[in-house]
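These notes are about the structure you will find just below.
Each chain gets a letter, A, B and so on, in the order the sequences are listed, and its residues count up from 1. Bear in mind that the values here come from a model prediction, so they are computed numbers and not experimental data.
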Protein chains: 4
Amino acid sequence: MLRVARQVFSERGYHSASISDIIAAAGIARGTFYLYFVNKRAIFDELLDELLQQLNRSVVRIQVADGAPSPIEQMRGNVHRVFEVLDENRDLTKILLREAVGLDATFDEKLGAFYDNLIARIQGGLDLGQQLGLVRPCDSRVAARCVLGGVKEVVYQALVAGGLGVVSRESLVNEVVDFNLRGLFR
Amino acid sequence: MLRVARQVFSERGYHSASISDIIAAAGIARGTFYLYFVNKRAIFDELLDELLQQLNRSVVRIQVADGAPSPIEQMRGNVHRVFEVLDENRDLTKILLREAVGLDATFDEKLGAFYDNLIARIQGGLDLGQQLGLVRPCDSRVAARCVLGGVKEVVYQALVAGGLGVVSRESLVNEVVDFNLRGLFR
Amino acid sequence: MLRVARQVFSERGYHSASISDIIAAAGIARGTFYLYFVNKRAIFDELLDELLQQLNRSVVRIQVADGAPSPIEQMRGNVHRVFEVLDENRDLTKILLREAVGLDATFDEKLGAFYDNLIARIQGGLDLGQQLGLVRPCDSRVAARCVLGGVKEVVYQALVAGGLGVVSRESLVNEVVDFNLRGLFR
Amino acid sequence: MLRVARQVFSERGYHSASISDIIAAAGIARGTFYLYFVNKRAIFDELLDELLQQLNRSVVRIQVADGAPSPIEQMRGNVHRVFEVLDENRDLTKILLREAVGLDATFDEKLGAFYDNLIARIQGGLDLGQQLGLVRPCDSRVAARCVLGGVKEVVYQALVAGGLGVVSRESLVNEVVDFNLRGLFR
DNA sequence: TATGAATGAGCGTTCATTCAT
DNA sequence: CATGAATGAACGCTCATTCAT
């Protein structure tokens, strides 16, 4: 049921997807739907929460302990895991990046909180990098948003819009990480 | 009428904003609305087209002619003008980045075409930069998306979500351009 | 529209009467209904309010000024006018005495307030009568409820249930007034 | 099960009370409910029948045999027993006087038959009283309805609405009987 | 006897759109 | 040009009832 709803929302969008669409696709009766979800929003929330939690788990704080991989490798790992999670859930990725934005105030808050939390962790990594002399002096809030925005845009193109052709996940991750680390300059 | 619709869409979102809201705010009758716009989507389209055209005009191809400003200055100029246009049209910016995404297939196509065109120009600039030895070797398609995504994210935070506090447009532009040029590395 | 709704509610009862029933009987479209009434309850309220106000106007305080008719004549006049109003609005009478009770908390309160106000006026008359030595010593609260209850029951039987056969309004009023004044005793 | 249904119907009203409410309060499964009652109406019917039968038993025909108590005492006894039964079943009283009215045609008929039967007995008593010269000449159909209506109204106020404050059952019965016998006149 | 997941007819309500004036 | 009353398809949701286990 979550599986078919994910597909329906992904194909038609939140507003265009009706309960009728979902139950027709699921092959169940109207009442059955409301047996498992209190309303239309509830199933959408559950769908997104699933992805948001996976994403939260896939981004881990940079460690500087002895024997830990280099911060760069850790960053690459984070980006890689995010790409991986999203690649394995393309329907949900589409929903997250297209339908979830501007749904309503309540949902906006949830989504905002998720992104703010993500930003806080990215920014924390940048601040740490600055202390260690790895990251150049800059406004880490802005830089963190640049990183996030770039990842979102690339992910959307690569996994949803198909605008980046067929690129291996590996090389995509490397390109994104390199861009964020080194910028455009030779 | 476009003016009040812009405000209504910005405040309530596309789906929550009803024709009633718009005509009430505009102080006109129901029928009058349909005299000027064939339907709800039409006025939304017109609104967005306005912004999209302004944005298209504000991004100009990098010139390498003698006496032209340095490519970096030209890029900075592009980013600056984009920020300027969006800052002066915060309502439309909110609509573009929140309501316009995932509206329906037709609108998606239009938006996709706009962004693709933008990407093509950015990418063209990067390819040129690579030929000139200014830009390091990289997948310019991915890099262009990173630039675009970062700008969108920063603009949204700065102008709509208010998540970046009060930063001067100048320093914001500089931070973004620096990030794109130099990346995070010291 | 109020006219057909009155008939529909009277025939089918509040819960069984659907909006579809009303608009079908009125020969209008669904949306048209909501153009004039915010919801189903609103039209029901308006219907009842109409009757309640008429009833309130038909019951006037007993006057003891010089030249005023005797208190008994005034009481008879009140009962007469109440019968008259209800007789001329049999549909609404049925709705008042059958559908309006136990609808919901809000409506109960409104109805309770109406009856309490009525009781207060009846009781006021009784208290005045006791002071004048016309009414025997008794608990006027209970007596007032007896009067009200008797009138409601007789009205319902005579006008709605048809359980009292064909009796002229005049004789019915006289019977009720006599009962209330003299009781059953010879 | 009947016990909890009585409470649920009394608290929420027939239409607002759902099968879910009843089975939750009874701690049984959905199917079990339909094992004992064919539908929602059936349990409501059974509930009311319980009270209706009790009431029928508590009202006895006036006896004029030698050694029988005076007709007045017998009438007082009837009123007393009715008050007693209703007082001991306030939940059912509320249901009878609020929810049972205007439910549907079938139920109306049953309730009408009950009241008609009651009226017939009251009227029979009055007719007898008239033959004995105890009751003044009057339309006994109307007078009987006055008696019934008064009792219903007073009972409702005293036991359900709480609008008569705290009055002993004894004095309430006396007030009602006195009113019916002697009317309002001094 | 008891269960509870599943059902689906039917409800009240919304709102973009039309068109006679 | 402008009006606004009228429209009706479509929606999300409820809940009494069924039936395989």
Side-chain angles (χ1 to χ4, degrees), chain A residues 1 5 12 14-24 26-44 104, chain B residues 1 5 8 12 14-24 26-44 104, chain C residues 1 5 8 12-24 26-44 104, chain D residues 1 5 8 12 14-24 26-44 104:
Chain A
M1 193 149 159
R12 309 182 55 89
Y14 180 79
H15 285 103
S16 294
S18 69
I19 299 292
S20 297
D21 291 333
I22 296 173
I23 62 177
I28 58 168
R30 217 167 193 72
T32 312
F33 175 89
Y34 287 93
L35 219 52
Y36 295 98
F37 303 97
V38 292
N39 54 32
K40 187 182 170 184
R41 266 293 300 280
I43 193 171
F44 187 81
D104 66 26
Chain B
M1 193 147 156
V8 170
R12 310 181 54 89
Y14 180 79
H15 286 102
S16 293
S18 66
I19 301 292
S20 297
D21 291 331
I22 295 172
I23 63 176
I28 58 167
R30 217 165 194 73
T32 314
F33 176 90
Y34 285 92
L35 227 49
Y36 295 95
F37 303 97
V38 293
N39 55 30
K40 188 182 173 184
R41 267 288 306 279
I43 193 171
F44 188 81
D104 65 26
Chain C
M1 194 149 159
V8 170
R12 311 183 52 90
Y14 179 79
H15 285 102
S16 294
S18 69
I19 300 291
S20 296
D21 291 333
I22 296 173
I23 63 175
I28 58 169
R30 217 166 193 71
T32 312
F33 175 89
Y34 286 94
L35 219 51
Y36 296 98
F37 304 96
V38 293
N39 53 32
K40 187 181 170 183
R41 266 293 300 279
I43 193 171
F44 187 81
D104 67 26
Chain D
M1 194 147 156
V8 170
R12 310 182 55 88
Y14 179 78
H15 286 102
S16 293
S18 65
I19 301 291
S20 295
D21 291 331
I22 295 172
I23 62 176
I28 58 167
R30 218 167 194 73
T32 312
F33 176 90
Y34 285 92
L35 228 48
Y36 294 98
F37 303 97
V38 293
N39 56 30
K40 188 182 173 182
R41 267 289 306 279
I43 192 170
F44 188 80
D104 65 26

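- The interatomic distance linking D/D21 (CG) with F/dC15 (P) rounds to 9 Å, in whole Å.
- D/T32 comes within contact range of at least one nucleobase, with a heavy-atom separation under 4.0 Å.
- At whole-Å resolution of the value, CD1 in A/I22 and P in F/dA10 are 18 Å apart.
- Checking F/dA10 for Watson-Crick or G-U wobble geometry (two distances, each under 3.5 Å) identifies E/dT13 as its partner.
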Assess whether side-chain contact (heavy atoms from CB on, under 4.5 Å) is satisfied between A/R41 and A/D104, documenting all intermediate values.
-> CA-CA 10 Å; A/R41 266 293 300 280; A/D104 66 26; 2.2 Å; yes
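- Counting non-hydrogen atoms under 4.0 angstrom, D/Y36 reaches the backbone sugars and phosphates but no base.
- Atom OH in B/Y14 sits about 13 Å away from atom P in E/dC15, given to the nearest Å.
- A/R12 has its CZ atom 12 Å from the P atom of F/dA10, to the nearest Å.
- If you check F/dT18, F/dC11, E/dT13 against the side chain of C/I19, the one that comes closest is E/dT13.
- Along DNA chain E, the nucleotide nearest B/V38 and the nucleotide nearest D/L35 are compared for position; the residue whose nucleotide lies closer to the 5' end is D/L35.
- With F/dT3, E/dA16, E/dG12 as the choices, the nucleotide that has an atom nearest any side-chain atom of B/Y34 turns out to be E/dA16.
- Using a 30° and 60° split on the angle between ring planes, B/Y14 and B/F44 fall in the perpendicular class, above 60°.
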For C/Y36 and C/I43, what are the C-alpha separation, side-chain angles and deciding distance, and is it a side-chain contact (heavy atoms from CB on, under 4.5 Å)?
-> CA-CA 9 Å; C/Y36 296 98; C/I43 193 171; over 6 Å; no
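- Atom CG of B/D104 is separated from atom P of E/dA16 by 15 Å (rounded to the nearest Å).
- Pair check for E/dT21 finds F/dA2; Watson-Crick or G-U wobble, both atom distances under 3.5 Å.
- With rounding to whole Å, C/F37 atom CZ is found 15 Å from E/dT14 atom P.
- Remark: the B/R30 side chain and the E/dT17 base include a donor-acceptor N/O pair separated by less than 3.5 Å.
- Taking the nucleotide of DNA chain F with the nearest heavy atom to each of D/A17 and A/N39, the more 5' of the two is matched to A/N39.
- Listed nucleotides: F/dG12, F/dT7, F/dA5. Nearest to the side chain of C/I28: F/dT7.
- D/M1 places its CE atom 13 Å from the P atom of E/dT1, with the value rounded to the nearest Å.
- Each of C/K40 and B/F33 was assigned the nucleotide of DNA chain E with the nearest heavy atom; the assignment lying further toward the 5' end belongs to C/K40.
- Going from atom CD1 of C/I19 over to atom CZ of C/F33 covers 4.0 Å, rounded to the nearest 0.5 Å.
- Between B/S20 and B/R30, the side chains place a donor N or O and an acceptor N or O closer than 3.5 Å (distance only, hydrogens not considered).
- Residues B/A29 and A/S16 both approach DNA chain F. Their nearest nucleotides, taken by heavy-atom distance, put B/A29 toward the 5′ side.
- Here the P atom of nucleotide E/dA2 and the CD1 atom of D/I23 are 14 Å apart, to the nearest Å.
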